[in-house]
Amino acid sequence: MLDHFSIQCGDLGRSAAFYDAVLAPLGGRRIMEFGPVIGYGVDSPTFWIGQQATGDGFRESHIAFAATDRQFVDAFFAAAVGAGAEVLHEPRVWPEYHPDYYGAFVRDPDGNNVEAVCHRSR
């Protein structure tokens with residue numbers, strides 16, 4: 001249903017380095033840089049980051065990126081920890097969501113709750 005999604009970042013360079021690292025294990029990469037914004041995706045830019053330009057204060061967002069296999073959730077988590085992310089939840093099965101929900105949650109440099117999730121069983 002979503003065509004694209006964007007967030008504003010306090011430090012675009014720091015956030016870009018974070019997303020470069022954590023999206024690579026999921027098959028994501030920088031696809032486009034359009035002025036002061038960066039578009040990430042697999043085939044086309046569906047997730048965008050840019051320098052904060054509007055609004056006051058911080059409002060946490062939750063962003064869940066799809067992983068095709070549990071090993072990619074683990075790789076996302078390792079990349080996030082390597083990039084200095086705060087760990088919210090280590091990779092595990094979340095049966096309260098559904099029996100095959102395998103996810104890991106971290107905070108990005110701006111404090112957003114970022115997740116990688118696989119919906120397949122082992």
Exercise. Could you give me the CA-CA distance, side-chain angles and deciding distance for E90 and F105, then say whether side chain to side chain contact (heavy atoms under 4.5 Å, CB included) is met?
Key: CA-CA 7 Å; E90 294 188 10; F105 300 76; over 6 Å; no
Using modelled atom types and a 3.5 Å cut-off, is there a donor and acceptor pairing between side-chain atoms of [X] and backbone atoms of [Y]?
{"X": "Q51", "Y": "C9", "value": "yes"}
{"X": "W48", "Y": "H4", "value": "no"}
{"X": "N112", "Y": "H62", "value": "no"}

Practice problem: Check the pair D110, S15 against side chain to side chain donor-acceptor pair (under 3.5 Å), reporting the backbone distance first and the verdict last. | Solution: CA-CA 8 Å; D110 287 288; S15 292; 2.9 Å; yes
Quiz prompt | Shared-cluster residues of Y40, by chain and number - hydrophobic side chains joined below 4.5 Å | solution = F5, I7, L12, F18, Y19, V22, L23, L26, I38, F47, I49, I63, F65, F72, F76, F77, V81, V87, V106, V114
Exercise. Kindly give the cluster partners of V93, where membership spreads through any ILVMFWY side chain lying under 4.5 Å from a current member.
Key: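 For the cluster that includes V93, the remaining residues are V73, Y102.
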Quiz item: Does a sphere of radius 6.0 Å around CZ in R92 hold more than 12 heavy atoms from other residues, nucleotides or ligands, not counting ones at 6.0 Å or beyond?
Solution: yes
Quiz prompt | Residue R14 excluded, over 12 heavy atoms near CZ under 6.0 Å | solution =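 Incorrect, the count does not exceed 12.
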Rounded at 0.5 Å granularity, tell me how far [atom1] in [X] sits from [atom2] in [Y].
{"X": "D3", "Y": "S44", "atom1": "CG", "atom2": "OG", "result": "7.5 Å"}
{"X": "R122", "Y": "Q71", "atom1": "CZ", "atom2": "CD", "result": "10.5 Å"}
{"X": "E86", "Y": "D108", "atom1": "CD", "atom2": "CG", "result": "10.5 Å"}

Quiz item: Is there side-chain contact between R70 and R120, with heavy atoms separated by less than 4.5 Å?
Solution: no
Quiz prompt | Within-4.5 Å side-chain heavy-atom neighbours: E60 and R107 | solution = yes
Self-check item: Partner residues of H98 under the side chain to side chain contact (heavy atoms under 4.5 Å, CB included) criterion, sequence neighbours left out
Solution: D100, Y101, H119
